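Below is one structure, written out as structure tokens; comments come after it.
Computed from a predicted model, the values in this text were never measured in an experiment.
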Amino acid sequence: MKTAILTAAAIGIAAMGATGAAAQGMPMGEELYGQTVQVRSADGTVNTIRFMSDGNAVISGPNVSPVNAKWGVSGNQLCLQAGGASECWNYSQRFQANRPVSLASSCNTTAQWTALGVAPTQVAEPVLRERG
């Protein structure tokens with residue numbers, strides 16, 4: 001059985017890992033802003049999700065029109081809502097580009113998620129001051 005949100009998206013439609021010191025201070029999920037993630041379901045279906053920084057997302061799948069969705073992070077859950085369906089995925093570490101990871105959902109399914117890229121970190125560089 002496919003996951004509820006991705007199935008709903010298909011019908012009507014990471015690599016997770018610490019990113020190191022550069023990501024410290026970033027809100028969870030910020031590495032996904034403007035990025036695309038491929039989600040491979042247990043049956044082999046591959047959907048893509050484009051995450052926008054405003055909480056909107058677009059889910060696309062094979063032979064179907066893209067579906068608009070909403071997304072957000074709450075605690076250790078990355079949640080998607082589309083077409084009246086909602087599904088959350090375990091999310092305890094940030095995605096890393098091109099590093100697949102198996103995630104479990106609130107619908108008791110698993111899928112392999114691969115972020116095709118990650119947004120640049122928002123780390124402030126030290127300010128150098130001239131002596132005068």
Side-chain angles (χ1 to χ4, degrees):
M1 180 175 168
K2 289 185 189 178
T3 61
I5 192 74
L6 294 178
T7 299
I11 295 170
I13 321 202
M16 304 262 308
T19 56
Q24 290 178 4
M26 286 176 61
M28 288 295 282
E30 189 172 279
E31 77 279 10
L32 295 173
Y33 291 178
Q35 302 302 311
T36 299
V37 175
Q38 288 184 334
V39 181
R40 180 177 303 276
S41 299
D43 69 359
T45 302
V46 177
N47 292 292
T48 59
I49 305 170
R50 177 85 172 162
F51 293 91
M52 308 305 170
S53 61
D54 64 0
N56 288 304
V58 177
I59 302 171
S60 302
N63 305 314
V64 294
S65 298
V67 168
N68 292 324
K70 297 285 185 188
W71 76 282
V73 173
S74 178
N76 65 347
Q77 299 287 304
L78 185 150
C79 299
L80 289 162
Q81 296 177 334
S86 178
E87 186 167 18
C88 295
W89 298 85
N90 62 315
Y91 177 70
S92 59
Q93 297 179 338
R94 299 179 193 286
F95 283 90
Q96 290 184 357
N98 300 307
R99 288 242 169 124
V101 66
S102 182
L103 299 181
S105 86
S106 56
C107 296
N108 297 318
T109 62
T110 58
Q112 181 176 311
W113 290 55
T114 305
L116 302 181
V118 292
T121 58
Q122 303 296 318
V123 176
E125 294 187 22
V127 177
L128 300 176
R129 299 180 184 195
E130 291 185 28
R131 292 185 180 192

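Heavy-atom contacts from other residues, nucleotides or ligands closer than 6.0 Å to CG of Asn108 number 12 or fewer.
For the pair Pro62/Val46, no side-chain contact is recorded, criterion being any heavy-atom separation below 4.5 Å from C-beta on. A 4.5 Å side-chain heavy-atom check between Ser106 and Asn90 finds every atom pair outside the cut-off. Looking only at side-chain heavy atoms (C-beta outward), Val101 and Gln112 stay at 4.5 Å or farther from each other.
Between Ala111 and Val39, the shortest heavy-atom distance links the atoms CB-CG1, 3.7 Å. Smallest separation of non-hydrogen atoms from Gly29 and Val73: CA-CG2, 4.0 Å. Contact between Ile59 and Ala82 at its shortest, heavy atoms only, is CD1-CB, 4.4 Å. Minimum heavy-atom separation, Val37 to Ala115: CG2-CA, 3.9 Å. Among all heavy-atom pairs drawn from Gln81 and Ser86, the shortest one is CG-OG, 3.7 Å. Scanning all heavy atoms of the two residues, the minimum distance from Arg94 to Glu31 falls at CA-OE2, 3.4 Å.
With rounding to the nearest 0.5 Å, the separation of CG in Leu32 from CZ in Arg50 is 11.0 Å. Considering CD1 of Ile49 and OG1 of Thr36, their distance stands at 9.5 Å, rounded to 0.5 Å. Taken to the nearest 0.5 Å, the CD atom of Gln38 stands 11.0 Å off from the OG atom of Ser60. In this structure, SG in Cys79 is found 14.5 Å from NZ in Lys70, a value given to the nearest 0.5 Å. If you take CG on Asn76 and CD on Gln93, they are separated by 11.0 Å, rounding to the nearest 0.5 Å.
In this structure, Met52 is not a member of the same hydrophobic cluster as Tyr91, with clusters built from ILVMFWY side-chain heavy atoms closer than 4.5 Å.
Side-chain N or O atoms of Ser105 include one that pairs as donor or acceptor with a backbone N or O of Cys107 at under 3.5 Å. Between the side chain of Thr110 and the backbone N or O of Ser102 there is no donor-acceptor pair closer than 3.5 Å.
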Derivation and outcome, side-chain contact (heavy atoms from CB on, under 4.5 Å), residues Gln96 and Val118: CA-CA 6 Å; Gln96 290 184 357; Val118 292; 5.5 Å; no
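Within the structure, ring pair (Phe, Tyr, Trp, His ring centres under 6.0 Å) contacts touching residues 29-68 (residues at least two apart or in different chains) are Phe51-Trp71.
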